[in-house]
There are 2 protein chains.
Amino acid sequence: MTETRIERKERTRRAILDAALELCERQPLAALSLRQVAKQVGIVPTAFYRHFESIDELGLALVDESFTSLRDLLRSARTFDSPPASDRALFLAVVDNSVKALVTHVPKADRHFRFIARERLAGPAPVRAAVRHQLELIERELATDIARVPGAGGWSGEDLLILANLLVNAMLSHAEEIALAGGREDVVRRIEGVARRQLHIVLIGALSWDSSR
Amino acid sequence: MTETRIERKERTRRAILDAALELCERQPLAALSLRQVAKQVGIVPTAFYRHFESIDELGLALVDESFTSLRDLLRSARTFDSPPASDRALFLAVVDNSVKALVTHVPKADRHFRFIARERLAGPAPVRAAVRHQLELIERELATDIARVPGAGGWSGEDLLILANLLVNAMLSHAEEIALAGGREDVVRRIEGVARRQLHIVLIGALSWDSSR
DNA sequence: GTTCTTGGTGTACACACGTACACCCAAACT
DNA sequence: AGTTTGGGTGTACGTGTGTACACCAAGAAC
């Protein structure tokens, strides 16, 4: 039954992260007190310092953890069961895949998504910066992804980033709504429909873009 | 020099709202203390209660005030200097008008926009509800606006709302970025370009939507 | 001119906060 | 086996917090 020291440390570190994530459901990170977290975990306040130097640092750890969830989502959105034959089929498959990934992954990591949504603009400055940086990385990745799609040849790098920004913003807002839906099936399905149609509209517009300048 | 009682009351009420708005630049509303606000205003803590029952109620007042700014922006976006002749001209005029309204109005009321951006998802529950409600109203208004545009005949009411949601989300995120830019001209101009191109893409996609189902 | 009303004051309390410090004890190292 | 290391404890402090209460002074109502 003897537990190695690093195991024990990792266990209470996890407990702190979980406690903070749960407490953040009711209040922003900036309003979170070290003592609240310690009480929730079941340790004495000063023990907190054995793991994090401050609440801000805790927040940065939570951002990292949350974006791991998001990357999982994005990876599965890029994975196709069967490679689509035609360009049009690829198109529809991309839309379908992305939206499906959204509605299956977000509810599984809803606390993380709610955390990001909350702290993206309201968190302490270092946390805000970290979130912003991660989102920019995602936009860039999406832009290079789009560049490989047939029909995107005439697009400039800047235009690709602008399109990626539009898509990430839209999907992020849907992810927020799904995370806030608390798993209610009907709400999630409605959002799924909205997301699909919006993706359609944007991609159709994007396809006839460079011819319309 | 005698000041009427309601004048005086209104003056310190304003001072409280301003103080809260300024303090909220550095921390979310939920982390704001009654005493901080009182100190900033220059009154004793208990005097706060003469104007608001709680910080939450103060927040609701700030939401009201902030959305007054937003409505101003939207009204001017709907106003045309000269009525466009062709459908295509109307189109371009709408895009141009909206984006211009964005970049001229947001910097003037940037504290309000930052407040909304922060508290929309991180604020106390009543504040979040109020912001959400106001945004829904705006989406509905935009949907009925779009319905009047020639070429939107084949759109169902639900599709109009979905399109409006896409547009409001995109413009909101640009408003947030402008408000966070702190008035730096080059940043604002870059965002202006992004907003314009995104609007173009979406509207082009929307135009060829019902033929593509 | 007297009384009423009310925005603002000052004192006082119980509580939560971050953090410093001395301590404990079991795993880890030698 | 003896020593070191480090996660967790308990006490103690000054400070900030929300709010109750009695009070004041000047505009409003009579």
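Computed from a predicted structure; not experimentally measured.
Protein atom CD of B/Glu53 is 14 Å distant from nucleotide atom C1' of D/dG18, rounded to whole Å. The nearest whole Å value for the distance from the NZ atom in B/Lys9 to the C1' atom in D/dA26 is 16 Å. What separates CD1 of B/Ile43 from P of D/dT19 is a distance of 15 Å, to the nearest Å. Between the CG atom of B/Leu23 and the P atom of D/dT17 there is a distance of 11 Å, rounded to whole Å. Between A/Ile6 atom CD1 and C/dA28 atom P there is a gap of 8 Å when expressed in whole angstrom units. The separation between A/Lys39 atom NZ and D/dG8 atom C1' is 18 Å, rounded to whole Å. For the pair B/Ile16 CD1 and C/dG7 P, the interatomic distance rounds to 11 Å; values are reported in whole Å. In this structure, A/Phe52 atom CZ and D/dG7 atom P are separated by 12 Å, rounded to whole Å.
Counting atom types as modelled, A/Ser33 pairs no side-chain N or O with a base atom of C/dG18 as donor and acceptor under 3.5 Å. Applying the 3.5 Å distance criterion, the base of C/dG18 shares a donor-acceptor pair with the side chain of A/Arg35.
A salt bridge between A/Glu192 and A/Arg196 is present, with a side-chain N of the basic residue lying under 4.0 Å from a carboxylate O of the acidic one. Salt bridge status for A/Arg118 with B/Glu119: absent, with no side-chain N to carboxylate O gap under 4.0 Å. A salt bridge between A/Arg114 and A/Glu176 is absent, with no side-chain N of the basic residue lying under 4.0 Å from a carboxylate O of the acidic one. With respect to the salt-bridge test (charged N to carboxylate O, under 4.0 angstrom), the residues A/Arg14 and A/Glu10 do not qualify.
Side-chain atoms of B/Arg5 lie closest to D/dG27 of the nucleotides C/dG8, C/dA28, D/dG27. Side-chain atoms of A/Ala47 lie closest to D/dT9 of the nucleotides C/dT9, D/dG18, D/dT9. In the set D/dG8, C/dT19, C/dA27, C/dT19 carries the atom at the smallest distance from any side-chain atom of A/Leu34. Side-chain atoms of A/His51 lie closest to D/dG7 of the nucleotides D/dG7, D/dT19, C/dG8.
Between the side chains of B/His51 and B/Thr12, a donor-acceptor pair is found at a separation under 3.5 Å.
For D/dC21, the OP1/OP2 oxygens have no side-chain nitrogen or oxygen of B/Thr46 closer than 4.0 Å.
The residue among A/Tyr49 and B/Val44 whose nearest nucleotide of DNA chain C lies closer to the 5′ end is B/Val44. Along DNA chain D, the nucleotide nearest B/Arg50 and the nucleotide nearest B/Thr4 are compared for position; the residue whose nucleotide lies closer to the 5' end is B/Arg50.
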